[in-house]
Amino acid sequence: TPLHSDLQGSTQDAVVVKDRGGSRAFALGAEVVRLEVLRLERRHKPALDDAFAKTLGGFESLGQVREALRSTMQEQATRQASEAYTQDVIRQVAAQATAAVPPPLVDQEVDEMMRQLQESVERERKISMDTYTRIVGKTIEGLREEARPAAEERVRVELVLDAIADAEHLQAPEEEI
């Protein structure tokens, strides 16, 4: 059933801002898109009951679906908390490292970050880096300088982890390399 027929055919501009995985340090910029409402329809939601649960496959009741969702969400939350804790500890240890970070390694990491940015811009935005830099109002060199602190931290973390692995005689299993 059509809803709000006065909205059909209307257009509006919207600003879309996108960042890289929640990282404010390396934003992908913003763009203006034009939205046109072609059709509005009301969707009918199925009843949340055992019959619906059976359509999901592998479930006999809505209670089983809820339990499976609860369990999956709990496992995901536990995994995310553990990963966040591990990353926090690694950052704290790396921040206390006194060794200098070699500038050539930082330059290589900045190069890699810029390569990833370019790949992402071209794949997701379908625009060139020249167009991207004009949109965000920055030069390539400016983007490189913005990326430098994150690149230095990445290199520092990698060096600290390598030093810990060496000191503890740790090696990744061959199948994980």
Value rounded to 0.5 Å, distance of CE in M129 from CZ in R115: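 These two atoms lie 12.0 Å from each other.
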Euclidean distance, R144 CZ relative to E146 CD, rounded to 0.5 Å: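 Answer rounded to 0.5 Å: 12.5 Å.
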Full working for side-chain contact (heavy atoms from CB on, under 4.5 Å) between L105 and L159: CA-CA 10 Å; L105 291 180; L159 292 173; 4.3 Å; yes
Under 3.5 Å: donor-acceptor pair, side chain of T131, backbone of I127: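 No, the answer is negative, given that no donor and acceptor are paired below the 3.5 Å cut-off.
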Donor-acceptor under 3.5 Å (T78 side chain, Q74 main chain):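 Yes: the side chain of T78 pairs with the backbone of Q74.
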L143 side chain reached by T133 side chain, heavy atoms, under 4.5 Å: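 Counting from C-beta outward, T133 and L143 do come under 4.5 Å.
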Test side-chain contact (heavy atoms from CB on, under 4.5 Å) applied to L117 and Y132, step by step: CA-CA 10 Å; L117 174 62; Y132 173 76; 4.1 Å; yes
Residue pairs fulfilling side chain to side chain donor-acceptor pair (under 3.5 Å) with at least one residue in residues 53-68, sequence neighbours excluded: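 Of all non-adjacent pairs touching residues 53-68, those that pass side chain to side chain donor-acceptor pair (under 3.5 Å) are E67-R70.
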Side chain to side chain donor-acceptor pair (under 3.5 Å) contacts touching residues 155-172 (sequence neighbours left out):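 Sorted result for residues 155-172: E152-R156.
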Verify the cluster assignment for [X] and [Y]: are they in a single hydrophobic cluster under the rule of side-chain heavy atoms below 4.5 Å apart?
X    : Y    : answer
V136 : V121 : yes
L69  : F52  : yes
V89  : I164 : yes
Y85  : V93  : yes

Distance-only polar pair, side chains of E122 and Q118, donor-acceptor under 3.5 Å: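 Distance-only check passes for E122 and Q118.
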Between Q108 and E112: side-chain donor-acceptor atoms closer than 3.5 Å: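 There is no such pair between these side chains.
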Heavy-atom pair with the smallest gap, counting every atom of [X] and [Y]:
X    : Y    : result
R148 : V110 : CA-CG2, 3.9 Å
F59  : A68  : CE2-CB, 3.6 Å
L48  : L62  : O-CD2, 3.1 Å
A94  : V157 : CB-CG2, 3.7 Å

All side-chain hydrogen bond (donor to acceptor under 3.5 Å, both in side chains) counterparts of E109, not counting sequence neighbours: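 Here the qualifying residues are R154.
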side-chain contact (heavy atoms from CB on, under 4.5 Å) between Q116 and E119, worked out: CA-CA 5 Å; Q116 289 173 356; E119 214 174 77; 5.6 Å; no
Exceeds 12 heavy-atom contacts within 6.0 angstrom, atom CD of E175: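 Result for CD/E175: enclosed.
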